[in-house]
There are 2 protein chains.
Amino acid sequence: MRIGELADRLGVNPKTIRFYEARGLLPDPARLPSGYRDYGPEDESRLAFIKTAQRLGLSLDEIGEILAFKERGERPCGYVLSVLAAQLSDIDRRIGELVRLRAELVALKDRADQLATGDACYCGIVEHAGRISQTTTR
Amino acid sequence: MRIGELADRLGVNPKTIRFYEARGLLPDPARLPSGYRDYGPEDESRLAFIKTAQRLGLSLDEIGEILAFKERGERPCGYVLSVLAAQLSDIDRRIGELVRLRAELVALKDRADQLATGDACYCGIVEHAGRISQTTTR
DNA sequence: CTTGACATTCCATCTGAGTGGAAGGCATAC
DNA sequence: GTATGCCTTCCACTCAGATGGAATGTCAAG
C-alpha cells in the first residue's frame with residue numbers, strides 16, 4: 001500500500017510517516033517501480049505501535065529505543081516493561097493530578113453564581129485555583 | 001520586589017517572567033530608579049494565576065484571553081467558566097484515557113512472564129496496546 | 001493527451017514554552 | 001575601588017513533533 005493509504009488507515013499525515021522514517025522509527029520501506037513507498041502489514045502494525053506508545057505517553061525517543069531493541073534481535077520485554085512500569089507510575093501521578101484538578105473545577109463551577117457577581121471574579125478564580133496542589137504537570 | 005525575588009517566590013525562571021511580559025500576560029511593571037523591574041503583590045498573584053491556570057491545562061493564549069477580559073474591565077466569569085467547562089470535559093476525557101491505558105499496562109505487566117519468553121514479545125506489546133481505544137490525546 | 005490525484009525530495013517554517021548568552025549597567029561588601 | 005551578583009536589552013537558539021511548499025514525477029480516467 002502507498003503512503004496515503006497507510007496514513008489514512010491510521011489517521012496520520014503522510015508527512016508524519018516520512019518524518020518517522022527520517023527519525024529512524026520506521027525502516028526504509030520497499031519501493032514500487034515508480035519509486036513510491038510500498039508498505040505492508042508489518043509497517044502498519046509498527047506505525048500503530050508508535051502511535052499507541054505515544055498515547056501511552058512515550059516520547060518518540062523512548063519509542064525509538066524500544067524499537068531499537070527489536071532491531072538488534074534482542075527480546076525487549078524487560079526493557080519495555082521497565083519503561084512501562086515507569087510510565088505506569090507516571091500515569092498514576094497524572095491521574096491523581098487530574099482528579100484533583102477536576103474536583104477544583106467542579107467546585108469552581110458550583111460556585112459560578114457567587115463568583116460571577118462582583119469584580120472579584122478574576123481574583124476568586126485565582127484564590128480557588130491557588131489551592132490546587134503545587135505538583136507540576138509532566 | 002525585583003524580578004529575581006518574584007521568580008524565586010514562585011519557582012520560575014526570571015527569563016520566564018520577561019517572556020510572559022513580552023507575551024502580554026504580565027503588564028509592563030513599575031521600574032526602580034535603576035531601571036530594574038519592580039513587582040508588587042498584584043504582579044505576584046497575577047503570575048500565580050498564570051501558573052495555576054497552566055496547571056489547569058490552559059495554554060498561554062487561553063490565559064491571555066482570560067486576562068484580557070479583566071484588562072477591559074469586563075467580568076470574565078462567563079467566559080472563564082465556559083473555558084473551565086471545556087477544560088473539565090477535556091480532563092474527564094483524559095482521565096478516562098489514562099485509566100484505560102493504566103489497565104492495559106497493568107495487564108501487560110501481569111503477563112510479563114509469558115511475554116518475556118519467545119520473540120513475539122514486541123508484537124505482543126503491539127497487540128495488547130493496539131486494543132487501546134483510538135481516541136487521541138489532546 | 002491532458003487533467004487531477006497522489007507521489008517524490010529537499011528545505012523551510014511552525015507551535016508552545018521557554019532558555020542561553022553577550023554586552024553592559026547598578027549595588028553592595030570587603 | 002574592585003569583585004560579585006543581580007539586573008537590563010537584544011538576539012538567537014532549544015526541544016518535540018510535526019507541517020508547508022516548491023519543483024517534479026507517476027498513473028488512472030475521461
Side-chain angles (χ1 to χ4, degrees), chain A residues 1-40 43 46-67 83 87 90 94 136-138, chain B residues 1-40 43 46-67 83 87 90 94 136-138:
Chain A
M1 111 191 72
R2 289 178 310 174
I3 199 168
E5 187 183 343
L6 178 59
D8 284 349
R9 274 178 190 245
L10 292 170
V12 305
N13 191 316
K15 293 262 187 190
T16 301
I17 295 173
R18 295 196 194 97
F19 169 71
Y20 288 164
E21 182 184 322
R23 283 280 300 251
L25 295 175
L26 292 174
D28 287 0
R31 298 283 181 153
L32 295 168
S34 57
Y36 290 3
R37 286 171 179 80
D38 186 22
Y39 294 103
D43 298 297
R46 190 174 171 120
L47 181 53
F49 172 79
I50 294 169
K51 281 296 166 189
T52 300
Q54 269 194 319
R55 278 200 299 280
L56 287 166
L58 304 192
S59 69
L60 295 185
D61 277 355
E62 286 171 318
I63 296 167
E65 280 186 82
I66 294 170
L67 292 172
V83 167
Q87 283 304 122
D90 190 57
R94 285 154 69 193
T136 54
T137 303
R138 164 197 175 76
Chain B
M1 107 190 77
R2 289 178 308 175
I3 200 169
E5 187 183 344
L6 178 59
D8 284 351
R9 275 179 189 244
L10 293 171
V12 304
N13 190 315
K15 292 261 188 189
T16 302
I17 296 174
R18 296 195 193 97
F19 170 71
Y20 288 165
E21 182 184 322
R23 283 279 302 249
L25 294 175
L26 293 173
D28 288 359
R31 296 283 180 152
L32 295 169
S34 56
Y36 291 1
R37 286 173 177 80
D38 186 23
Y39 294 103
D43 298 297
R46 190 173 171 122
L47 181 54
F49 172 79
I50 293 169
K51 280 298 166 187
T52 299
Q54 271 194 318
R55 279 199 299 280
L56 287 167
L58 304 192
S59 69
L60 293 185
D61 277 355
E62 286 170 320
I63 296 167
E65 280 186 83
I66 292 169
L67 291 172
V83 167
Q87 282 305 121
D90 189 57
R94 284 154 70 192
T136 54
T137 303
R138 163 198 176 75

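Lettering of chains follows the sequences in order, A, B, ..., and the numbering in each one begins at 1.
- The shortest distance between the side-chain N/O atoms of A:R37 and the OP1/OP2 oxygens of D:dT26 is not below 4.0 Å.
- For the pair A:D8 CG and C:dA5 C1', the computed distance is 12 Å after rounding to whole Å.
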What pairs of nitrogen or oxygen atoms, one from the protein and one from nucleotides 21-24 of chain C, lie under 3.5 Å apart?
unit_1, atom_1, unit_2, atom_2, d
C:dG21, N7, B:K15, NZ, 3.4
C:dG21, O6, B:K15, NZ, 2.2

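- B:L6 places its CG atom 11 Å from the P atom of D:dT8, with the value rounded to the nearest Å.
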Is there a side chain to side chain contact (heavy atoms under 4.5 Å, CB included) between A:I17 and A:Y39? Walk through the geometry before answering. CA-CA 11 Å; A:I17 295 173; A:Y39 294 103; 3.5 Å; yes
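- Within 4.0 Å (heavy atoms only), A:L32 reaches no atom of the nucleic acid at all.
- Between B:D61 and B:N13, the residue anchored nearer the 5' end of DNA chain C, judged by the nucleotide with its closest heavy atom, is B:D61.
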Output side-chain donor-acceptor pairs under 3.5 Å for residues 21-31 of chain B, partner residues at least two apart or in another chain, one line each.
unit_1, atom_1, unit_2, atom_2, d
B:E21, OE1, B:R37, NE, 2.8
B:R23, NH2, B:D61, OD1, 2.8
B:R31, NH1, B:G35, O, 2.9

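- Look at A:K51 and you'll find a side-chain N or O under 4.0 angstrom from OP1 or OP2 of D:dA18.
- The CG-P distance, from A:D38 to C:dC6, rounds to 17 Å in whole Å.
- Here the side chain of A:F19 is nearest to one of D:dG17, C:dT9, C:dG18, namely D:dG17.
- Each of B:I3 and A:R23 was assigned the nucleotide of DNA chain D with the nearest heavy atom; the assignment lying further toward the 5' end belongs to B:I3.
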All N/O pairs under 3.5 Å across the protein-nucleotides 27-30 of chain D interface:
none

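- One atom, CZ of A:R18, and another, P of D:dT19, lie 12 Å apart when rounded to the nearest Å.
- Between the CG atom of A:L26 and the P atom of D:dA18 there is a distance of 12 Å, given to the nearest Å.
- To the nearest angstrom, C1' of C:dA17 lies 14 Å from CD of B:E62.
- Rounding to whole angstrom units, CD1 of residue B:I63 and C1' of C:dA17 are separated by 11 Å.
- With contacts defined as side-chain heavy-atom distances shorter than 4.5 Å, the pair B:F19/B:L60 qualifies.
- Look at A:R31 and you'll find a side-chain N or O under 4.0 angstrom from OP1 or OP2 of C:dT9.
- The closest side-chain heavy-atom distance from B:L10 to B:K51 is not below 4.5 Å.
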Go through the steps to decide whether A:F49 and A:L67 satisfy the test side chain to side chain contact (heavy atoms under 4.5 Å, CB included), and finish with yes or no. CA-CA 10 Å; A:F49 172 79; A:L67 292 172; 3.8 Å; yes
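- For C:dT19, the OP1/OP2 oxygens have a side-chain nitrogen or oxygen of B:T16 closer than 4.0 Å.
- Going from atom CD1 of B:I50 over to atom P of C:dG16 covers 16 Å, rounded to whole Å.
- Taking 4.5 Å as the limit, every side-chain heavy atom of B:D43 sits out of range of all side-chain heavy atoms of B:D38.
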